[in-house]
Amino acid sequence: MDPIQQLRDGLRNLLVNSLEKSRAQGRLNFESLPDFVIEVPRDEGHGDFASNVAMLMAKQARMAPRKIAEAIYEQMDKNLMPELERVEIAGAGFINFFLDQSWLYKLPALVIGMGDRYGSSPKHNQKVQVEFVSANPTGNLHMGNARGGAIGDTLANALAFAGYDVEREFYINDAGNQIEVFAQSLEARYLQLMGAKIEFPENGYAGQDVVDTVKNIIRDYKDSLLVMGSEERQQLVVNYALREKIDYIKTTLNNFGINYDVWFSEKTLHASGQVDKVINDLREKGFIYEEDGALWFKSTLFGDEKDEVVIRANGLPTYFATDIAYHRDKFRRGFDRVINVWGADHHGHVARMKGAVTALGYDESRLEILLMQLVRLYRGGILVRMSKRTGTTVSLDELIEEVGKDAARFFFVMRSPDSQMDFDLDLAKEKGQDNPVYYVQYAHARIQSIFRQAAVAGAEIKKVEKVDFSVLGPEELQLLRKIADFPEEITITARTLAPQRIARYVLDLAGLFHSFYNHHRVLNENKALQDARLILMETTRITIKNALGILGVSAPDQM
RNA sequence: GCGCCCGUAGCUCAGUGGAUAGAGCACCGGCCUCCGGAGCCGGGUGCGGAGGUUCGAUUCCUCUCGGGCGUACCA
């Protein structure tokens, strides 16, 4: 399978074997094996792999790390690892392994054999749900939704590649307070446009998009709503608007490369009685008490700062109550991991949500909440306030139109979710070399161009099994080594929920390619070298394309 | 006040407790008779500050300064 993993396992074996022998001979004293790593050193001069086992062992062995490393070295049975060329002890006590480079020669066949699956791990029968964006269906999608979309979808892709069964879910907030206000706003706009002189609700949705929706309603329903009672009228306009908004959201996210498996309606949680049920269940378990006419959840039991209202004095459930029901529903659907991508403005909700999950009897570590810092929008160097209500900011569909899906997605994911992001609209609108996505896409297009040239020249691309890779030089082997890192890069991304790793990885890989390209010709007189380099190019291309695929960015054949 | 996130090069940002902390942009200088110059090569006295834990701290802990967000019977 994964050749890197095989080598790591081999080296781990070698070390453990040597440690045990040293202990048996009384040269080394230790109770248990430390949790050591076998990593690819940053600096090539430190070998292909390195281990920190000697340093971690120092305390319990009561020996200097370098002494321990020497003891391990002396007991090492190199026959266990035929690829091993030499071992060095370096620095504070690192054990550096230098391998015969021929292990890399097996890689191209693996990559080409797996094709668009290269980088993926075998399925391991674990279900994970990623819920992201879940924007209120009362307005346009803003930059925060866009960032959440790029992050969530990239994570979902990475998790799927890492072997999980992944479900993408959008939670539709189609119930609750903001929907009432939405309905009142729509109704007021309708009546106003029909000539009535009435006040617009003070906290209503004042954006132009509401007016546009109402104009559509008037187109379809004319003045027929004037004779209705207010309740019936509000019902009609809000249902109309929700349909329109959800449709808009679906279309826009689709254009952003995002397709959900499940669109989950908040309303159904109320309708099916699940909200009442979950509050009752928590009450029976003793996590709910009554005060000032409201029902409270004892979130302080779980480390929250204060308890939280679940049923208001007016008898209506809060958003939190609905969310508890929602999360029980998620776990009942059998997910091993439940991942929510939330804006940082919801961070106060994390502790109590986890508390509620614990109270319901689930292990809270199965709920992972990825907090994403908010996006600040700049235009002409000036901060643009984002307000859904007034609609004065750039929406996702406008962004896609201006900078394109590829650039936008790459840009959002490049940054770590927990760092605040300044989005400079003027810069993003510049289609050009400032944007790193072009650097990567260009690498892919260039490789395709080489193949077009090869075809013109009538160059034959040999089967990978018949190619001799020993003609490749250090720069090319470095490229292969980077390609070999890809599967692990994905599993780390899936474990640590750090989608920016994929962007960094593919930038690095493209950089190695461009450097290679400028120093060596693929098509040349030396046929054996040409054969090997053509395969190397295809191997590189597949990896770039797969990485871009995870990011939701296209890999163009020409630009 | 309290809580969460962030302070890394002139700017925007990477960096799963490891060795000499990186990239892009900007700035300066090189590279096309040759597969796409949207490229390559070279040029850098930077981890906000102070303690602590550790063989080893940009990374973990405490305090402190600065920025953002939250602190509703809103979502």
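Note on naming: letters A, B, ... go to the chains in the order of the sequence lines (proteins, then strands), and numbering restarts at 1 for each one. Just so we're clear, the structure is a prediction, and the values are computed from it rather than from any experiment. What you see below is based on every heavy atom in this structure, not just the backbone, and it leaves out hydrogens, waters and symmetry mates.
- Put simply, A/R501 has a side-chain N or O that comes within less than 4.0 Å of OP1 or OP2 on B/rU16.
- Nearest nucleotide to the A/V522 side chain, out of B/rC35, B/rC6, B/rG36: B/rC35.
- Between A/F451 and A/S419, the residue anchored nearer the 5' end of RNA chain B, judged by the nucleotide with its closest heavy atom, is A/S419.
- With a cut-off of 3.5 Å on both pairing distances, B/rC34 has no Watson-Crick or G-U wobble partner at all.
- Ring centroid separation for the pair A/F320 and A/H349 comes in under the 6.0 Å cut-off.
- Between A/Y439 and B/rG24, no base-stacking contact is recorded for ring centres under 5.5 Å apart and planes less than 30° from parallel.
- For the pair A/R42 and B/rA19, the criterion of a side-chain N or O lying under 4.0 Å from OP1 or OP2 is met.
- For B/rC60, the base adopts the anti conformation, since its glycosidic angle falls more than 90 degrees from zero.
- The pairing partner recorded for B/rG17 is none, the criterion being a Watson-Crick or G-U wobble arrangement whose two distances lie under 3.5 angstrom.
- Nucleotide B/rG56 forms no Watson-Crick or G-U wobble pair with any nucleotide shown, as no partner meets the under 3.5 Å limit on both distances.
- Rounding to whole angstrom units, CE of residue A/M421 and P of B/rC5 are separated by 21 Å.
- The nucleotide B/rC11 finds its pairing partner in B/rG24, both defining distances of the Watson-Crick or G-U wobble pair being shorter than 3.5 Å.
- Relative orientation of the A/F264 and A/Y171 rings is tilted, given thresholds of 30° and 60° on the angle between their planes.
- Ion pairing between a basic and an acidic side chain is recognised when a charged N comes within 4.0 Å of a carboxylate O; A/K298 and A/E308 show no such pairing.
- Applying the Watson-Crick and G-U wobble criteria (two distances, each under 3.5 Å), B/rG70 pairs with B/rC2.
- The nucleotide B/rG29 finds its pairing partner in B/rC41, both defining distances of the Watson-Crick or G-U wobble pair being shorter than 3.5 Å.
- OP1 or OP2 of B/rC13 has not a single side-chain nitrogen or oxygen of A/Q420 nearer than 4.0 Å.
- The pairing partner recorded for B/rU62 is B/rA50, the criterion being a Watson-Crick or G-U wobble arrangement whose two distances lie under 3.5 angstrom.
- In this structure, A/Y319 and A/D508 both approach RNA chain B, and ranking their closest nucleotides by distance from the 5' end singles out A/D508.
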